[in-house]
Amino acid sequence: MGCFFSKKNKRKGKEPTAGEQPPQQQQQQQQQDDVEGSKQYSWDKREKVDPKDYMFNGLKDQTVGRLPDKVAGQQFVIQECENCNIYILDHSATITIDDCTNCRIFLGPVKGSVFFRDCKDCKCIVACQQFRTRDCRKMDVFLCCATQPIIESSTGIKFGCFQYYYPELASQFKDAGLSIFNNTWSNIHDFTPVSGETNWSLLPSDCAVQNFVPLPDVEELKAVRISTDASRSIIPVTWGQRPKKSDESCLVVFFAGDYTIANARKMIDEMLGKGFSLIQTKEVAMKPEDAKRVFQDKASEFIPSLEKGSVVALEFNGDGAVENCQSVISNTFSGTKVFASENKSSSSHDVDNFYNFADMQMGI
């Protein structure tokens with residue numbers, strides 16, 4: 001065996017020196033190095049983000065924007081712009097707006113916060129999870145905000161309800177994790193109130209949004225099919241905390257199912273068409289004990305539906321609201337699980353019960 005072993009290892013040419021790999025092993029090692037070098041890891045495959053693509057800085061007298069799918073959940077910064085029309089027609093993570101003057105700004109759904117600082121004479125349409133201003137003055141804001149909007153060291157801030165439509169907007173709300181029914185646009189908290197002065201107010205209900213933030217007039221942005229018609233708005237346009245026209249309100253609650261959003265929208269269209277006001281909306285998850293507190297002796301009828309998902313609640317206001325809600329439900333939603341106030345004497349109690357629960361649930 002020893003003799004056979006020595007013959008098999010005879011080589012022509014130079015023998016490897018001590019510590020040096022034989023040629024065959026060297027070749028294998030080189031191949032392995034080549035494979036290692038050509039490997040692509042997940043962090044190598046990500047597109048490099050250029051901050052300049054997510055920023056408008058130092059612009060004057062321009063119309064600029066970002067089309068749907070061009071921001072795609074990134075952070076965005078707008079700063080030191082003057083007399084500009086700015087349109088972010090996509091969803092984003094957070095947006096800060098600093099030192100802007102006399103600008104018209106549209107911000108598509110923002111998953112986190114929108115923070116205006118040191119801005120003045122701006123008109124905005126904004127959808128976000130959190131909204132805040134600091135050291136701002138004379139701003140008009142058409143807002144959709146999931147939490148209580150906050151102003152700080154700011155004056156002359158006026159708020160209205162978000163109303164806007166383009167085909168991609170509904171999916172952008174979903175991508176940003178925002179419900180179209182959770183909008184506390186008129187429930188403002190002023191961190192720095194001044195005795196005897198009002199730092200904020202609500203815009204008249206008949207304001208035309210396009211008179212504040214005009215539709216884009218550059219060809220690239222005009223390709224997005226935008227409408228500011230309140231009846232087409234992705235967000236239901238609510239009356240908010242303006243004084244109610246009537247002492248009669250009605251609570252309507254739709255339970256989770258395949259057509260919950262469509263049903264809620266249909267109900268809104270029917271009641272607005274009859275001249276009633278939509279005061280507020282809410283989408284929230286309920287537990288059986290919540291249902292017992294809110295729906296009381298009717299709770300057992302609705303508890304099995306709670307496991308399917310969140311409920312959508314609507315408050316309508318106007319003389320005859322309860323009777324008309326009942327009529328629309330019986331004529332249009334006969335096979336659908338819906339709660340509605342049964343009479344005028346209990347309806348205000350229904351509204352208070354539900355929205356007190358919902359506000360506690362959402363930390364508002």
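These numbers were taken from a predicted model, which means no experiment stands behind them. Atom set for the values below is all heavy atoms of this structure, side chains included, hydrogens, waters and symmetry mates excluded.
Residue Ile150 belongs to a hydrophobic cluster whose other members are Phe191, with links defined by side-chain heavy atoms closer than 4.5 Å. Summarising the hydrophobic clusters (Ile, Leu, Val, Met, Phe, Trp, Tyr; side-chain heavy atoms under 4.5 Å, direct or chained), the residues clustered with Trp239 are Ile279.
Taking Lys245 as the reference, nothing meets the salt bridge (Lys or Arg N to Asp or Glu O under 4.0 Å) condition, with sequence neighbours excluded. Applying the side-chain hydrogen bond (donor to acceptor under 3.5 Å, both in side chains) rule to Asp118 yields no partners; only residues at least two apart in sequence or on another chain are considered. Remark: Lys344 pairs with Asp247 by the salt bridge (Lys or Arg N to Asp or Glu O under 4.0 Å) rule, at least two apart or across chains. Under the salt bridge (Lys or Arg N to Asp or Glu O under 4.0 Å) criterion, Asp98 pairs with Arg117, sequence neighbours left out. Residues satisfying the salt bridge (Lys or Arg N to Asp or Glu O under 4.0 Å) criterion with Lys266, sequence neighbours excluded, are Glu270.
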Less than 3.5 Å apart, which donor and acceptor atoms pair up between the side chains of residues 65-80 and the rest of the protein, not counting sequence neighbours?
| unit_1 | atom_1 | unit_2 | atom_2 | d |
| --- | --- | --- | --- | --- |
| Arg66 | NE | Asp53 | O | 3.0 |
| Arg66 | NH2 | Asp53 | O | 3.2 |
| Gln79 | NE2 | Asn57 | OD1 | 3.4 |

Ignoring hydrogens and angles, write down the donor-acceptor pairs under 3.5 Å from the side chains of residues 307-315, residues two or more places apart or on other chains.
| unit_1 | atom_1 | unit_2 | atom_2 | d |
| --- | --- | --- | --- | --- |
| Glu315 | OE1 | Gln280 | NE2 | 2.8 |
| Glu315 | OE2 | Lys244 | NZ | 2.7 |
| Glu315 | OE2 | Ser249 | OG | 2.9 |

For a quick test of your reading: what N or O donor-acceptor pairs under 3.5 Å do the side chains of residues 201-210 make, sequence neighbours left out?
| unit_1 | atom_1 | unit_2 | atom_2 | d |
| --- | --- | --- | --- | --- |
| Gln210 | OE1 | Thr228 | OG1 | 2.8 |

For residues 291-299, which side-chain N or O atoms pair as donor and acceptor with protein atoms under 3.5 Å away, sequence neighbours left out?
| unit_1 | atom_1 | unit_2 | atom_2 | d |
| --- | --- | --- | --- | --- |
| Arg293 | NH2 | Asp290 | OD1 | 3.2 |
| Lys298 | NZ | Glu342 | OE2 | 3.0 |

Atom pairs and distances, donor-acceptor, side-chain atoms in residues 165-180, under 3.5 Å, two or more places apart:
| unit_1 | atom_1 | unit_2 | atom_2 | d |
| --- | --- | --- | --- | --- |
| Tyr166 | OH | Gln172 | OE1 | 2.6 |
| Ser171 | OG | Glu168 | O | 2.9 |
| Gln172 | NE2 | Leu89 | O | 3.1 |
| Ser179 | OG | Phe181 | N | 3.1 |
| Ser179 | OG | Glu283 | OE1 | 2.6 |

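Aromatic pair Phe131/Phe115: centroids not less than 6.0 angstrom apart.
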